[in-house]
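Along the sequence shown, residues are numbered consecutively beginning with 1. In listed order, ligands and their atoms are each counted from 1.
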Amino acid sequence: MSGQRRVALKVLDARLGDEFPLPAYATAGSAGMDLRAMLDAPLQLAPGQAELVPSGLAIHIGDPSLCAVVLPRSGLGHRQGLVLGNLTGLIDADYQGPLMISLWNRGEGPVTIAPGDRVAQLVFVPVEQVALEPVEDFSLSARGSGGFGHTGLR
Ligand SMILES: O=c1ccn([C@H]2C[C@H](O)[C@@H](COP(=O)(O)OP(=O)(O)OP(=O)(O)O)O2)c(=O)[nH]1
Ligand SMILES: [Mg+2]
């Protein structure tokens with residue numbers, strides 16, 4: 001689609017773009033594009049087990065006003081307990097290495113992942129870098145230092 005920002009992609013696993021489609025937005029309104037577990041053989045994760053799995057891709061975002069996050073897929077996370085070992089993966093704009101997926105079976109039964117399964121999703125997010133400026137005091141806000149449930153439940 002024109003108007004979309006361009007992000008450089010290296011296909012590291014030749015099965016992508018051939019046997020398996022490259023990541024793409026499933027619908028016009030999708031925020032994420034699914035990432036595949038580019039395994040050589042099925043992988044069974046025992047309850048509690050985490051493994052680093054290649055996505056078969058590398059991206060170089062380049063522009064520090066953009067990053068990407070790797071998120072679980074809702075269905076797998078909720079039903080099977082297949083989530084991410086780092087909870088959320090953060091892909092820096094200057095990272096050029098292989099995009100890896102830490103898969104964690106947080107459930108109570110084994111989970112089997114087949115080569116090419118869509119196991120996570122990649123979301124591009126705007127970022128602003130700031131200059132931290134040390135001060136003695138803040139000008140008082142409505143919240144002040146209240147936090148961690150300070151405003152109650154209802
Ligand atoms: O799920 C992930 C998370 C990170 N990365 C890559 C891209 C990211 O830019 C780099 C570093 O990630 P992060 O800063 O979260 O990890 P770190 O443990 O702080 O490593 P580093 O010291 O390299 O920054 O690792 C992945 O491929 N997948
Ligand atoms: Mg880091």
Side-chain angles (χ1 to χ4, degrees), residues 1-135 138 145 147-149:
M1 205 186 290
S2 62
Q4 286 178 323
R5 297 170 76 148
R6 306 218 156 227
V7 170
L9 171 78
K10 264 193 203 171
V11 177
L12 305 178
D13 187 315
R15 290 173 295 175
L16 285 168
D18 181 33
E19 190 182 340
F20 303 111
L22 287 170
Y25 296 109
T27 65
S30 293
M33 40 179 99
D34 288 345
L35 296 174
R36 295 174 188 274
M38 297 311 293
L39 298 160
D40 292 328
L43 171 69
Q44 190 178 76
L45 291 180
Q49 190 181 351
E51 290 293 334
L52 207 52
V53 165
S55 70
L57 300 168
I59 57 169
H60 180 214
I61 298 172
D63 178 350
S65 72
L66 197 63
C67 76
V69 289
V70 182
L71 299 175
R73 292 185 68 200
S74 308
L76 292 176
H78 181 70
R79 290 196 209 98
Q80 296 203 52
L82 184 65
V83 293
L84 303 175
N86 48 358
L87 304 188
T88 303
L90 176 63
I91 312 302
D92 296 287
D94 56 357
Y95 181 69
Q96 299 184 315
L99 210 168
M100 302 298 289
I101 310 165
S102 170
L103 288 176
W104 172 36
N105 177 4
R106 62 147 192 85
E108 279 154 27
V111 175
T112 302
I113 302 144
D117 278 0
R118 288 179 286 125
V119 290
Q121 53 188 327
L122 188 68
V123 177
F124 288 87
V125 179
V127 168
E128 188 167 332
Q129 288 187 336
V130 303
L132 292 175
E133 192 186 328
V135 296
F138 296 130
S145 53
F148 296 89

Trainee: Answer yes or no for atom 24 (O) of ligand 1: protein heavy atom present at a distance under 4.0 Å?
Mentor: no
Trainee: With side chain to side chain contact (heavy atoms under 4.5 Å, CB included) as the criterion, how do L99 and L122 come out once you've worked through the C-alpha distance, each side chain's angles and the decisive distance to 0.1 Å?
Mentor: CA-CA 10 Å; L99 210 168; L122 188 68; 4.2 Å; yes
Trainee: Determine, stepwise, if the pair D117 / L39 fulfils side chain to side chain contact (heavy atoms under 4.5 Å, CB included).
Mentor: CA-CA 9 Å; D117 278 0; L39 298 160; over 6 Å; no
Trainee: Can you give me the closest heavy-atom contact between P115 and F20, atom names plus distance?
Mentor: O-CZ, 3.6 Å
Trainee: Under 4.0 angstrom from atom 12 (O) of ligand 1, is there any protein heavy atom?
Mentor: yes
Trainee: Look at atom 19 (O) of ligand 1 and say whether a protein heavy atom is found at less than 4.0 angstrom from it.
Mentor: no
Trainee: Atom CG of L12 and atom CG of L57: how far apart are they, to the nearest 0.5 Å?
Mentor: 6.5 Å
Trainee: Hey, which atoms in ligand 1 end up nearer than 4.0 Å to a heavy atom of L99?
Mentor: 27 (O)
Trainee: Hey, does G97 sit under 4.0 Å from ligand 1 if you only count heavy atoms?
Mentor: no
Trainee: State, to 0.1 Å, how close S55 and L16 come at their nearest heavy-atom pair, and which atoms those are.
Mentor: O-CD1, 3.3 Å
Trainee: If you count the atoms of ligand 1 from 1 in the order shown, which ones are under 4.0 Å from a heavy atom of N86?
Mentor: 1 (O), 2 (C), 3 (C)
Trainee: For atom 27 (O) of ligand 1, decide whether some protein heavy-atom distance is shorter than 4.0 Å.
Mentor: yes
Trainee: Grab the two heavy atoms, one from Q121 and one from P72, that are nearest each other, plus how far apart they are.
Mentor: NE2-O, 3.0 Å
Trainee: What atoms of ligand 1 come within less than 4.0 Å of a heavy atom belonging to P98?
Mentor: 27 (O)
Trainee: Which protein non-hydrogen atom lies closest to atom 5 (N) of ligand 1, naming both residue and atom, and how far is it?
Mentor: I91 CD1, 3.7 Å
Trainee: What is the distance from atom CE of M100 to atom CD of E51, rounded to the nearest 0.5 Å?
Mentor: 10.0 Å
Trainee: Is D13 salt-bridged to R36, cutoff N-O under 4.0 Å?
Mentor: no
Trainee: For ligand 1, which atoms sit closer than 4.0 Å to a heavy atom of L90?
Mentor: 3 (C), 4 (C), 7 (C), 8 (C), 9 (O), 12 (O)
Trainee: Can you tell me which residue and heavy atom of the protein come closest to atom 10 (C) of ligand 1, and the distance to 0.1 Å?
Mentor: Y95 CD1, 3.9 Å
Trainee: May I ask you to list the atoms of ligand 1 that are less than 4.0 angstrom from any heavy atom of D92?
Mentor: 8 (C), 9 (O), 11 (C), 14 (O)
Trainee: Show which atoms of ligand 1 fall inside a sub-4.0 Å distance from at least one heavy-atom site of M100.
Mentor: 1 (O), 2 (C), 26 (C), 27 (O), 28 (N)
Trainee: Roughly how far apart are I61 CD1 and I91 CD1, rounded to 0.5 Å?
Mentor: 7.5 Å
Trainee: I'd like to check which ligand 1 atoms, numbered from 1 as shown, lie under 4.0 Å from a non-hydrogen atom of G89.
Mentor: 1 (O), 2 (C), 3 (C)
